[in-house]
Amino acid sequence: MSDSDDEQVHDQLPSVEEYKTHVDPGSRKIDPKRIMESIQPDEDDEDFIPDVDDDLILPPPDDMDEEEGAGGQGGAHYDYDGNPYEEDDGDYNSEEDDDYNSYNSDDDEQVIHDQLPTVEEIHAQRSPQKGPSCARKLGYCFMTLIFLCIVIIPPILLTMKDDYEQRKQEITEFLMTKTLAKGSQLDDPTTPQAKAVEFLATEKYDNSALSDGKLIERYTMTVWYYATNGPKWRYQMRFLSNEDTCGWFSWFRNQRSGQITKEGVICDTPEGAATPAIGLLDMPSNLLEGTIPSELQYLSNSLEQMHVEFNPGLEGELPQELQYLTKLWSLELQYCAITGILPDWLGTKLPLRRLGLSNNLLTGFIPPSLLQQTNLQILALDDNGLTGNIGDFGALIKMQYLYMEDNLIAGSLTNQMLANWTAMKEMDFSRNDISGSLPSDLFTKMNNLEILDLHGNDLSGPLPPTIGDSNRIVFLALQDNKLTGQIPVAMSNMIDLQHLDVSRNEISGKIPMELGRLSFLRYLFLGSNSYDAQELPKELAQLTMLRELSIKKANLQGQLPAWIANFTELQLLDLDQNNFQGSIPPEMGDSLSSLDHLMLNRNALNGTIPASFAKLTDLNLLLLDHNELTGSADVVCSIPDLRLYVTDCEAGLFEEAAEIECSCCSTCCHATNATCNMYDWNVNLDPIWEYGYTRYIYTFSQNLIEKDSPVG
């Protein structure tokens with residue numbers, strides 16, 4: 001408290017003369033309340049502190065009479081501290097009058113001063129005192145809370161519990177009556193069916209007003225949610241939200257195309273129906289786990305498409321109840337963990353036009369009924385363990401996209417089969433057991449064909465010599481077979497060709513210079529065949545869009561042409577195991593700045609490594625061993641991502657000096673060491689065309705080459 005505050009209080013205290021005018025001379029007792037009222041500041045005073053709490057005035061003691069407390073007339077009175085005192089009745093005798101007349105004024109002033117309130121008492125009276133008010137309010141709150149907990153809330157909870165039990169019983173009886181659920185399922189609280197009933201009985205959404213069909217639809221999708229571990233989905237897609245089931249979806253943007261789509265539950269209005277119903281269940285790559293619930297059969301009146309691919313946690317066999325989805329024409333479950341065999345009802349019960357079961361764990365025979373499904377346009381059964389005969393696929397007359405790689409399909413292709421596949425756009429039977437020769441009409445009958453992958457089979461015989469002018473082939477992969485003969489000159493008619501791989505066959509003759517006309521080529525693999533000796537055809541210099549060029553083990557000779565520097569987009573160059581001589585053109589280092597992998601090993605190159613190779617800053621792999629290079633190999637040591645670098649930096653078996661010096665090579669060989677770096681280094685090229693061709697990472701085989709392979 002400051003001195004100025006004390007001065008203000010003192011200034012507001014009544015003087016003795018003022019006090020005498022307010023006090024009965026016959027009364028020696030002072031009423032503090034009256035004194036305090038007399039010194040209250042005016043509200044217009046800038047120092048006035050308003051009384052902010054009506055409860056600030058304390059109530060009188062409990063033993064005070066109502067009359068005394070109100071009027072203060074007669075009986076006991078109380079001083080400022082609440083202590084009782086007696087008041088004179090005003091009936092004075094003469095002796096008292098004499099005493100009064102002889103009253104000493106100095107004593108009177110002293111008595112008055114003694115009974116005046118102190119400065120601290122005045123401040124205490126004027127300061128807001130909220131303690132008692134807050135305590136009283138807390139008491140009120142506490143009493144109210146007790147009242148709510150004891151009187152109000154229990155009946156409400158009992159009512160809610162009664163409503164919940166009633167609703168749960170209604171839903172249970174509804175499901176049991178319509179044989180939509182079994183009692184054993186609903187009695188076990190851990191089952192998806194019991195969890196679905198629990199949700200429907202407690203949700204805020206008024207599902208009691210739904211029609212039977214909409215309630216079944218909501219129950220089915222709730223079972224789907226719990227059966228596939230919905231709480232751990234990547235995207236919840238508003239499932240179990242307080243809205244109609246048709247609102248259980250989210251919007252997504254395709255990062256590649258920028259297109260905005262919605263995934264989840266997609267509804268439309270079926271023909272002849274009055275309300276929307278679930279037409280598409282679309283949940284790819286959403287971390288679904290568990291098994292497909294049989295309850296999906298209850299969407300038989302509306303569900304047309306089911307796309308839940310790329311969910312490796314989705315396992316188990318296809319439930320047989322799916323056969324009741326008689327409107328389902330598109331089923332995609334690629335890259336899941338579906339087991340068992342392909343059921344016959346896929347071909348007999350469902351009007352399928354699109355079936356995708358790639359990369360699962362399916363085994364057994366492909367049912368003939370499925371291959372008689374003439375409406376099928378897309379069939380993807382690749383990367384399973386399925387058996388069958390390629391001849392059985394001939395009835396698929398509307399087929400456009402057929403993916404069967406990495407299975408156990410046997411048999412041979414025939415011209416009659418090709419005649420039925422006039423709508424075919426993409427066909428992949430790679431890495432199966434197909435044998436025989438390629439049909440002569442392979443490139444003339446299927447004029448819509450763009451993708452053909454037959455690599456990794458047991459095909460033999462020559463390449464078809466006739467290639468129609470109307471062909472649209474973009475991708476042709478025939479590697480790892482036993483094809484013979486020469487590469488037909490007519491192959492230059494494939495003017496749209498971007499990918500050509502005929503490596504690792506038994507093709508003879510020479511590489512035709514006419515391949516230089518294929519100006520759209522990006523991937524060219526011709527190596528590991530039985531070609532005649534020749535120089536690299538200079539016409540290939542026109543293939544300036546090349547990204548990958550591999551002509552290894554192709555009996556090439558002469559010097560490395562400087563025009564290789566024309567391939568400025570080249571990422572892989574593999575000329576391993578040929579007979580190139582002379583020096584390495586320095587232009588390669590100046591122009592091929594995108595190179596990731598360069599393999600010039602097992603040739604007869606001489607001279608030094610060009611200093612320009614230091615500019616190949618993207619190199620990951622560089623193989624220069626088993627040549628006649630000299631000098632220092634350290635020109636590329638500063639390349640940060642160079643992980644595999646092999647040169648002839650090893651001393652000979654008889655202490656011959658190393659041919660080249662290298663301080664950063666990962667492996668050192670010697671030209672006379674036939675066992676050093678004796679790997680074939682074939683690029684693993686098996687694109688998944690149904691999702692677009694994208695090379696994410698290079699991988700190479702690590703198989704030892706044949707013992708009689710030429711070295712150096």
Side-chain angles (χ1 to χ4, degrees), residues 549-553 556 559-562 564-565 567 570-683 697-705 709-712:
L549 174 62
S550 177
I551 316 180
K552 70 189 310 162
K553 196 180 177 182
L556 296 174
Q559 292 191 335
L560 279 177
I564 290 180
F567 306 147
L570 206 62
Q571 297 175 353
L572 180 145
L573 176 60
D574 182 5
L575 298 174
D576 169 31
Q577 212 169 341
N578 281 291
N579 295 306
F580 286 112
Q581 300 174 351
S583 60
I584 300 174
E587 292 87 350
M588 292 176 60
D590 292 327
S591 301
L592 305 183
S593 58
S594 297
L595 266 182
D596 292 321
H597 298 75
L598 176 59
M599 288 168 277
L600 300 176
N601 51 319
R602 289 184 286 233
N603 280 281
L605 298 170
N606 56 37
T608 60
I609 300 173
S612 60
F613 270 32
K615 301 177 183 178
L616 303 178
T617 55
D618 288 340
L619 271 181
N620 297 137
L621 180 147
L622 177 58
L623 304 181
L624 299 174
D625 58 283
H626 292 91
N627 280 289
E628 300 174 6
L629 298 171
T630 58
S632 174
D634 289 352
V635 293
V636 297
C637 287
S638 60
I639 296 177
D641 294 328
L642 186 59
R643 293 180 173 85
L644 188 58
Y645 183 23
V646 185
T647 67
D648 295 326
C649 52
E650 182 184 52
L653 296 176
F654 301 100
E655 299 184 356
E656 300 96 341
E659 296 181 0
I660 195 169
E661 297 179 357
C662 184
S663 63
C664 63
C665 287
S666 56
T667 301
C668 284
C669 294
H670 192 275
T672 61
N673 185 354
T675 62
C676 184
N677 193 26
M678 287 294 107
Y679 300 107
D680 55 12
W681 294 104
N682 288 314
V683 180
I697 187 170
Y698 288 103
T699 57
F700 298 89
S701 65
Q702 292 290 308
N703 298 321
L704 289 173
I705 62 173
S709 296
V711 176

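The shown structure was predicted, so the numbers you read here are calculated from the model rather than taken from an experiment. Values reported hereafter were calculated over all heavy atoms of this structure, with side chains retained and with hydrogens, waters and symmetry mates removed.
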If you round to the nearest 0.5 Å, how far is CG of Leu619 from CG of Leu642? 6.0 Å

Salt bridge (charged side-chain N to carboxylate O under 4.0 Å, His left out) contacts touching residues 607-623 (sequence neighbours left out): Asp590-Lys615

Shortest non-hydrogen contact from Asn603 to Leu600? ND2-O, 3.1 Å

NZ/Lys553 to CD/Gln577 distance, rounded to the nearest 0.5 angstrom? 5.5 Å

Heavy-atom closest contact (Pro585 atom, Leu560 atom, distance): CG-O, 3.4 Å

Report the C-alpha distance between Ile564 and Leu575 in whole Å, list the side-chain angles of each, state the deciding distance to 0.1 Å, and finish with yes or no for side chain to side chain contact (heavy atoms under 4.5 Å, CB included). CA-CA 11 Å; Ile564 290 180; Leu575 298 174; 4.1 Å; yes

Here the pair of heavy atoms bringing Tyr645 nearest to Leu624 is CE1-CD1, 4.3 Å

For Met599 against Trp681, the heavy-atom pair lying closest together: SD-CB, 4.0 Å

What are the two closest heavy atoms between Phe567 and Leu592, and how far apart are they? O-CD2, 3.1 Å

Measuring only between side-chain heavy atoms, which start at C-beta, is Asp576 closer than 4.5 Å to Leu623? no

The criterion is side chain to side chain contact (heavy atoms under 4.5 Å, CB included); which residues satisfy it with Thr617, sequence neighbours excluded? none

Separation of Asp641 CG from Leu621 CG (nearest 0.5 Å): 12.5 Å

Looking only at heavy atoms, which two atoms of Asp625 and Cys669 are closest? And how far apart? CB-CB, 4.2 Å

side-chain contact (heavy atoms from CB on, under 4.5 Å) with Met588: which of Leu570, Leu616, Leu573? Leu573

Set of salt bridge (charged side-chain N to carboxylate O under 4.0 Å, His left out) partners for Asp648, sequence neighbours left out: none

I'd like to check the side chain to side chain contact (heavy atoms under 4.5 Å, CB included) partners of Ala565; sequence neighbours left out, ordered by chain and number. Glu587, Ser591

Mind checking the CG-OG spacing from Leu605 to Ser583? Nearest 0.5 Å is all I need. 8.5 Å

Applying side chain to side chain contact (heavy atoms under 4.5 Å, CB included), name anything that partners Cys668, two or more places apart in sequence or on another chain. Cys649, Glu650, Cys665

When you compare the side chain of Asp574 with that of His597, does any pair of heavy atoms fall below 4.5 Å? no

Residues at least two apart in sequence or cross-chain that pass side chain to side chain contact (heavy atoms under 4.5 Å, CB included) with Pro610, listed by chain then number, are Ile584, Pro586, Ser612, Phe613

Run the side-chain donor-acceptor check on residues 629-640: report pairs under 3.5 Å with partners two or more places apart or on a different chain.
{"residue": "Ser632", "atom": "OG", "partner": "Asp634", "partner atom": "N", "Å": "3.1"}
{"residue": "Asp634", "atom": "OD1", "partner": "Ser663", "partner atom": "N", "Å": "2.8"}
{"residue": "Asp634", "atom": "OD1", "partner": "Ser663", "partner atom": "OG", "Å": "3.2"}
{"residue": "Asp634", "atom": "OD2", "partner": "Ser663", "partner atom": "OG", "Å": "3.0"}

Heavy atoms, side chains only, cut-off 4.5 Å: are Asn601 and Val646 in contact? no

For the side chain of His626 and the backbone of Asn673, is there at least one donor-acceptor N/O pair under 3.5 Å apart? yes

Main chain of Asp680, side chain of Lys552: is a donor-acceptor contact present, judged purely on distance under 3.5 Å? yes

